[in-house]
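Everything below concerns the one structure shown next.
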Amino acid sequence: MMKLTCVMLLLLLPAVAAVTQPSKPNILMVIVDDFGWADAGWHRTTPSPEVVTPTMNELVQNGIELNRHYVHMMCTPTRSSFYSGRLPVHVLTQLANPCDKNGAIPRNMTGIGLVMKKGGYATHHVGKWDAGMATPTHTPKGRGFDTSLNYFGHGNWAWSEAEWGGSNNNRSILPVMPGNHGVIDFYDTDHPAKDLNGTGHEEYLFRDRIQSILQSHDKSQPLFLVYASKLCHYPLQAPEEYLEKFSFIKDDNNRKTYHAMVNLLDDQLANITGTMKNLGMWNNTLMVLSSDNGGFVKSENGGCQTMPFGGQPGEDLNHGIACYNGEAGANNFPLRAGKYSQFEGGIRVNAFVSGGLIPMNMRGTKTSEIIHIADWYHTFASLAGVDPTDTEAAKANLPPIDSIDMWPLITGKITTSPRSTILVTSSLLIHNQWKYCEGNMIEASWGGYQYPNASTVADNNYISNYQLKCPNGCLFDVASDMTEQEDVAAQNQDVVKMMSALMDQLKKSIYSVSHADDPACHAAAKESGFYAPWLP
């Protein structure tokens, strides 16, 4: 009888497991910071010992490589685009600081978190926000995330979580010294993360929070998890064990530390996806990964500071290498330029989809169809069974969403992207295979197999030293010439006229408001020591 009962229980287990699976898929959205094209292993035709991304390589092999996935050339507009479902020209095209009085994304635009909650999802955000904090409505919680562990700005320091403050020029003293941290940028759902501040490298704190979310999640409810990694933004800081892995790189500390951070990112993803597999969640999961812009390729402006190991957990002093002068270390080869630029190296980024939800016949494929990061808003809403129309924005006379459902393309039901056009800025337009730019294009050069390197520094031969002037418009066929070697405007004047007319037409819809800082925000942060909403 005992044996019979055990057998019956075993027979029942699969049925119980099937019942606890949500009817809608889990969605894992990973936004990487400043991830260079050539710093992804799957973009290396010849493997490099410096580029160690085995987890991501495997995810691409079992998913779909997105070869023309576009974003903005800077972080705040890209993130605002994803969270709001608008192209940056209809929400934000410039960097916006935490103290932005209008909060980056207009208050009455509905965030993707709220859309997913409407579909019955548990919603969580871990990592960089960079999309406003003026009021509680502008925070991740206000945008629909049940929980969040985040920082609000463009970047913060890894051990103290102090505000980054921007790059320096030939500074020899660490900007964040013990006892002089300035404002701490670290927030936990609805309050400053004082209990976690200074307790370890921030990425490890993010890892622990994600583990807690996954382990405690009710598996019968669909999960929407956004992991917006701090890797690999400035300032460059990596844990000792990762710096040691890349100690063989002798000629450039920016490049060494950057590669160490990429490898840490890869291990973070191994931890997340491995846990989802162990918990039985992966087979019903769609994972999307995208960088927020290309990797930075500016001058090193004096290089990095090398310190001994053994520093205190809450201090940025004495944790090996810290790079805070300039913005260098990434590589977008063979693409032209990088972060901040209108060339492909700035806006065409590392991206893929993976997970058990990807049809078997689509796994291991690559698409060069146009997708914009804004399109995941509608795609996720469709998977959640929710109408993505933003009625709240309409009431406030704000632009509607631009997002287009890409699930038919991902599943192979269609082979041509439903998106053909992206107005990137008022002077840059992508339409089908064409890319048209008016004015000047910065960072008009290419890196190489290793960039930056000793000769880059010695010869002051940084990509950021070059620009291309387009007084009459520059035209590139980025479908056949993704590296933008040749301006083909002269021999395609009919296309130039068509693109110029289309740009003029689309420019009429550009949305713009002031994004000046509010002094009251800085005063409140200085008094409390932490960034937090300062308006009701």
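Values below: all heavy atoms of this structure, side chains included; hydrogens, waters and symmetry mates excluded. Just so you know, residue 1 is the first one in the sequence shown, and it goes up from there.
No side-chain heavy atom of Asn350 sits less than 4.5 Å from a side-chain heavy atom of Val32. With a 4.5 Å cut-off on side-chain heavy atoms, Lys339 and Val297 do not count as touching. The side-chain heavy atoms of Asp487 and Leu475, taken from C-beta on, include a pair separated by under 4.5 Å. Side-chain contact between Asn156 and Glu163: absent, with no pair of heavy atoms (C-beta onward) separated by less than 4.5 Å. Proximity of Thr257 to Leu243: side-chain heavy atoms (C-beta onward) are separated by under 4.5 Å at one or more points. A 4.5 Å side-chain heavy-atom check between Phe145 and Asn150 finds every atom pair outside the cut-off. Proximity of Met287 to Leu269: side-chain heavy atoms (C-beta onward) are separated by under 4.5 Å at one or more points. A 4.5 Å side-chain heavy-atom check between Glu50 and Phe248 finds at least one atom pair inside the cut-off.
Between Arg336 and Asp481 there is no salt bridge, since none of the side-chain N atoms of the basic residue sits less than 4.0 Å from a carboxylate O of the acidic one. A salt bridge between Asp494 and Lys497 is absent, with no side-chain N of the basic residue lying under 4.0 Å from a carboxylate O of the acidic one.
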Pair Gln467-Met441, side-chain contact (heavy atoms from CB on, under 4.5 Å): steps then yes or no: CA-CA 6 Å; Gln467 66 172 311; Met441 299 180 75; over 6 Å; no
Step by step, work out the side-chain hydrogen bond (donor to acceptor under 3.5 Å, both in side chains) result for Ser354 and Asn62. CA-CA 6 Å; Ser354 196; Asn62 292 310; over 6 Å; no
Go through it in stages, so that I can follow the logic: the residues are Asn97 and His154, the test is side-chain hydrogen bond (donor to acceptor under 3.5 Å, both in side chains), and I'd like the CA-CA distance, side-chain angles, deciding distance and then a yes or no. CA-CA 7 Å; Asn97 296 321; His154 311 310; 3.1 Å; yes
Test Gln61 against Trp42 for side-chain contact (heavy atoms from CB on, under 4.5 Å), laying out the working first. CA-CA 9 Å; Gln61 291 166 6; Trp42 66 95; over 6 Å; no
If you apply the rule side-chain contact (heavy atoms from CB on, under 4.5 Å), what do you find for Asp34 with Asp292, and how did you get there? CA-CA 6 Å; Asp34 300 349; Asp292 64 344; 3.6 Å; yes
side-chain contact (heavy atoms from CB on, under 4.5 Å) between Lys435 and Ile347, worked out: CA-CA 12 Å; Lys435 181 176 181 179; Ile347 62 174; 4.0 Å; yes
Taking it one step at a time, do Thr425 and Gln342 satisfy side-chain hydrogen bond (donor to acceptor under 3.5 Å, both in side chains)? CA-CA 9 Å; Thr425 67; Gln342 299 184 100; 3.2 Å; yes
Could you walk me through whether Asn325 and Asn169 pass the side-chain hydrogen bond (donor to acceptor under 3.5 Å, both in side chains) test, one step at a time? CA-CA 5 Å; Asn325 292 321; Asn169 190 347; over 6 Å; no
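Proximity of a side-chain donor or acceptor of Asp402 to a complementary backbone N or O of Leu87 within less than 3.5 Å is detected. Within the 3.5 Å criterion, the main-chain N or O of Ile321 finds no donor-acceptor partner in the side chain of Thr306. A donor-acceptor pair under 3.5 Å is absent between the side-chain atoms of Asp252 and the main chain of Gly329, judged by distance alone. With hydrogens and angles disregarded, a donor-acceptor distance shorter than 3.5 Å links the side chain of Glu484 to the backbone of Glu344. In this structure, Asn254 contributes its side chain and Glu327 its backbone to no donor-acceptor pair below 3.5 Å. A distance-only check finds no donor-acceptor pair linking the side chain of Asp251 to the backbone of Asn453 [under 3.5 Å]. At distances below 3.5 Å, not a single donor-acceptor pair connects side-chain atoms of Asn293 with backbone N or O atoms of His72. When atom types are taken as modelled, the side chain of Arg86 and the backbone of Pro399 share a donor-acceptor pair closer than 3.5 angstrom. Put simply, the side chain of Asn332 gets close to the backbone of Trp37: a donor and an acceptor are under 3.5 Å apart. A donor-acceptor contact shorter than 3.5 Å is absent between the side chain of Arg171 and the backbone of Gly302.
Nearest heavy atom pair, residue Tyr436 against residue Gly473, reads CE1-CA, 3.7 Å. Here the closest heavy-atom approach between residue Ser299 and residue Ser464 is recorded as N-OG, 3.6 Å. The minimum heavy-atom distance linking Ile510 with Ser426 is given by the pair CD1-CB, 3.8 Å. Closest of all the heavy-atom pairs between Tyr511 and Val513 is OH-CG1, 3.3 Å. Taking every heavy atom of both residues into account, Ser445 and Ile463 meet most closely at O-CG2, 3.7 Å. The shortest heavy-atom contact between Leu92 and Ser80 is CD2-OG, 3.6 Å.
Tyr451 has its ring centre no less than 6.0 Å from the ring centre of Trp446.
Both the sub-6.0 Å distance and the 45° axial angle are satisfied by Lys230 relative to the ring of Tyr151. By the 6.0 Å and 45° rule, Arg44 stacks over the aromatic ring of Tyr449.
To the nearest 0.5 angstrom, Trp434 atom CH2 is 11.5 Å from Phe476 atom CZ. Remark: Ile370 CD1 to Leu66 CG distance equals 13.0 Å, nearest 0.5 Å. Rounding to the nearest 0.5 Å gives a distance of 4.0 Å between CD of Gln268 and OH of Tyr227. Taking CD from Gln485 and OG from Ser480, the interatomic distance works out to 11.5 Å, rounded to the nearest 0.5 Å. Taking CZ from Phe343 and SG from Cys437, the interatomic distance works out to 7.5 Å, rounded to the nearest 0.5 Å. How far CD1 of Ile430 is from OG1 of Thr421: 9.5 Å, rounded to the nearest 0.5 Å.
Tyr466 and Asn461 share a side-chain donor-acceptor pair at under 3.5 Å.
Around CD of Glu369, the count of heavy atoms belonging to other residues, nucleotides or ligands within 6.0 Å exceeds 12. More than 12 heavy atoms of other residues, nucleotides or ligands lie within 6.0 Å of CG in Asp517, so this atom counts as buried by the packing criterion.
Classified by interplanar angle (parallel below 30°, tilted 30° to 60°, perpendicular above 60°), the ring pair His125/Tyr83 is tilted. Between His69 and Trp376, the angle of the ring planes stays under 30°, which puts this pair in the parallel group of the 30/60° scheme.
Sequence neighbours left out, the pairs with a member in residues 406-419 that pass side-chain hydrogen bond (donor to acceptor under 3.5 Å, both in side chains) are Asp375-Arg419. For residues 49-99, the disulfide (SG to SG under 2.5 Å) pairs, not counting sequence neighbours, are Cys99-Cys521.
Remark: Cys323 SG to Cys304 SG, distance under 2.5 Å.
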